[in-house]
There are 2 protein chains.
Amino acid sequence: MGGRAASAAGTGPAPTSGPANGTASNGSVSNGTPAGAAVRITDALRADILGGGLRPGERIRQEVLAERYGASRLPVRDALRALEAEGLVVLVPNTGAWVAKLSLDECQEVYQVRERVEPLLLSMSVPRLEQDALDRLLPLVEAMRGADHVEEFLALDREFHMLTYSGAETTMLGELVERLWNTTQHYRRAFALLGTERTARGIHLEHELLALAILRGDAEDAGRVLLGHIRTTRLELSRHPEVFHVLDGA
Amino acid sequence: MGGRAASAAGTGPAPTSGPANGTASNGSVSNGTPAGAAVRITDALRADILGGGLRPGERIRQEVLAERYGASRLPVRDALRALEAEGLVVLVPNTGAWVAKLSLDECQEVYQVRERVEPLLLSMSVPRLEQDALDRLLPLVEAMRGADHVEEFLALDREFHMLTYSGAETTMLGELVERLWNTTQHYRRAFALLGTERTARGIHLEHELLALAILRGDAEDAGRVLLGHIRTTRLELSRHPEVFHVLDGA
DNA sequence: CAAACACAGATTGGATACATTTTCAAGCCC
DNA sequence: GGGCTTGAAAATGTATCCAATCTGTGTTTG
């Protein structure tokens with residue numbers, strides 16, 4: 001056992017240990033890692049929600065999930081609670097669970113927070129980015145240009161931005177940003193579907209500009225570009241309220 | 001019931017309707033205290049941690065809490081999980097739970113996020129502050145000047161800042177800010193104990209300046225003052241690493 | 001004498017079963 | 001015929017019990 005647990009007099013094993021789980025690498029979050037089986041259900045459910053298998057406003061029944069994942073209702077409840085903490089599920093006591101649904105105002109609120117928070121994370125990341133990460137930036141931009149399906153673009157977009165954050169050794173800010181991304185996943189998808197050719201070109205340009213600033217090592221300029229990128233998306237989104245009506249009606 | 005009128009014209013057939021919206025909770029059940037045992041334990045534990053009854057790094061045993069609150073271990077587990085989501089507790093699978101402990105770097109990270117996020121929340125709040133809230137600002141500043149005990153000052157400080165945010169109709173940003181405050185509660189207390197007379201005077205001046213800007217209705221200037229206030233505290237904190245050593249050693 | 005192994009104790013994680021609360025639908029009264 | 005009350009059914013919250021895992025100590029061996 002590691003000496004760091006030498007808690008003869010001290011307390012706690014290493015509460016804040018962990019190699020600064022950045023936000024890189026797609027895959028599961030495994031933030032607090034509840035437990036063995038519960039965490040598997042949590043990951044599966046999150047993937048289901050993010051992938052579109054469960055749509056906003058849809059009801060979630062514990063028994064159904066318990067049977068689907070071959071477990072009891074207890075780990076399912078733990079999973080729902082964990083996802084509620086991530087903002088993906090809404091639990092109402094003695095009533096039930098629903099997939100979180102954002103209104104237009106709430107979605108804009110998320111984007112406003114992202115405008116303030118992600119440039120900070122980026123500025124923490126840029127000075128410490130690995131060479132491998134830098135080498136992958138422009139290819140990802142090109143891949144996004146060539147993406148045909150919405151899902152492919154979304155995955156590449158996520159990978160690109162998370163890669164730009166992979167240099168930050170943060171414990172909380174990275175998780176916060178990932179949560180903000182997850183909660184707006186449905187709307188990003190719907191927005192990408194409605195996006196015009198003109199806005200798409202603008203997005204690609206912003207991505208390339210961001211990559212160039214990062215490659216230059218100019219964290220401040222990169223932060224400015226990123227702020228503009230998120231802001232542009234937010235304003236564009238505010239001009240397409242039908243995104244939310246569609247989801248509400250479904 | 002029926003308090004929550006579906007925002008989008010009565011779209012929802014019963015099955016897909018539900019309080020998936022973050023703010024919309026059932027009329028009868030206020031998301032705060034639905035009389036569930038788990039929620040009561042959660043609140044009690046949070047108060048215990050924030051109040052200093054449980055110190056950072058201290059171990060939490062489920063059985064002890066179960067007996068203390070006269071309940072089973074299950075609602076205790078739920079409470080720990082909820083508090084983990086708030087960042088107040090750290091859970092290690094199959095091992096145990098500890099009161100969250102922040103390193104100096106992590107604490108500064110929280111403050112940096114606060115610098116970005118709280119001015120935004122303030123700018124959303126200032127234009128819609130009630131007259132009652134405005135009338136209470138300067139008296140609170142004066143009360144802080146006269147506060148003798150640290151606990152009294154901390155309570156007034158929290159009340160003052162939360163009052164400045166009371167005009168914001170947010171669903172997520174407000175909770176985020178409250179979480180950030182809670183996770184640094186221990187360190188704010190320790191810092192207040194170590195604060196010199198000179199820093200105390202500066203804090204009071206900043207508070208008064210902030211109150212005046214808010215009363216003037218100048219949201220932008222208020223945001224600037226608030227940013228400086230948080231930044232000053234962060235820099236001051238970085239000059240007192242003994243705060244963390246004391247807590248680590250204890 | 002020190003380090004690795006193994007066992008015992010303790011603590012958490014999960015499954016089953018029961019009590020409580022809410023919801024839905026039929027029936028009754030106005 | 002419409003609105004309200006009442007009843008049953010379903011879903012959630014909780015308690016108790018059992019299994020899996022980790023910590024810590026004692027022993028053994030080089």
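These numbers were taken from a predicted model, which means no experiment stands behind them. Chain letters run A, B, ... following the sequence lines, proteins first and then strands; every chain starts at 1.
Of the listed nucleotides (C:dT12, D:dA11, D:dG13), C:dT12 has the atom at the smallest distance from the side chain of B:Arg61.
One atom, CD1 of B:Ile60, and another, P of C:dT11, lie 15 Å apart when rounded to the nearest Å. In this structure, A:Leu91 places its CG atom 16 Å from C1' of C:dT22, rounding to the nearest Å. One interatomic measurement links the two molecules: CG of B:Leu80 to C1' of C:dT11, which rounds to 13 Å at whole-angstrom precision. One can place CD of B:Glu84 at 14 Å from P of C:dT12, the figure rounded to the nearest angstrom. Atoms CD1 (B:Ile41) and P (D:dT14) sit 8 Å apart, rounded to a whole Å. Note: CZ (A:Arg77) to P (C:dG13) measures 14 Å, nearest angstrom. Spacing between atom CZ of B:Arg59 and atom C1' of C:dT12 amounts to 9 Å, rounded to whole angstrom units. Per the geometry, CG belonging to A:Asn94 stands 6 Å off P belonging to D:dG13, to the nearest Å.
When the side-chain nitrogen and oxygen atoms of A:Gln62 are compared with OP1 and OP2 of D:dA10, none of them lie within a distance under 4.0 Å.
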Every protein N/O within reach of nucleotides 15-18 of chain C N/O, cut-off under 3.5 Å:
from   : atom 1 : to      : atom 2 : distance (Å)
C:dA15 : OP2    : A:Ser72 : N      : 3.1

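Using a 4.0 Å heavy-atom criterion, one finds that B:Ala38 contacts the sugar-phosphate atoms exclusively.
In summary, A:Glu58 and A:Lys101 do not engage in a salt bridge, as defined by a charged side-chain N under 4.0 Å from a carboxylate O. A salt bridge links A:Asp43 with A:Arg46: at least one charged nitrogen is closer than 4.0 Å to a carboxylate oxygen. Using a cutoff of 4.0 Å between basic side-chain nitrogens and carboxylate oxygens, B:Asp48 and B:Arg55 are not scored as salt-bridged. Using a 4.0 Å cut-off between a side-chain N of Lys or Arg and a carboxylate O of Asp or Glu, A:Arg158 and A:Glu178 qualify as a salt bridge.
Residues B:Ile60 and B:Trp98 are not in side-chain contact: their nearest non-hydrogen atoms beyond the backbone lie 4.5 Å or more apart.
Annotation: cation-pi geometry satisfied between A:Arg114 and A:Tyr111 (NZ/CZ under 6.0 angstrom from ring centroid, within 45° of ring axis).
A side-chain donor-acceptor contact under 3.5 Å links A:His240 and A:Glu242.
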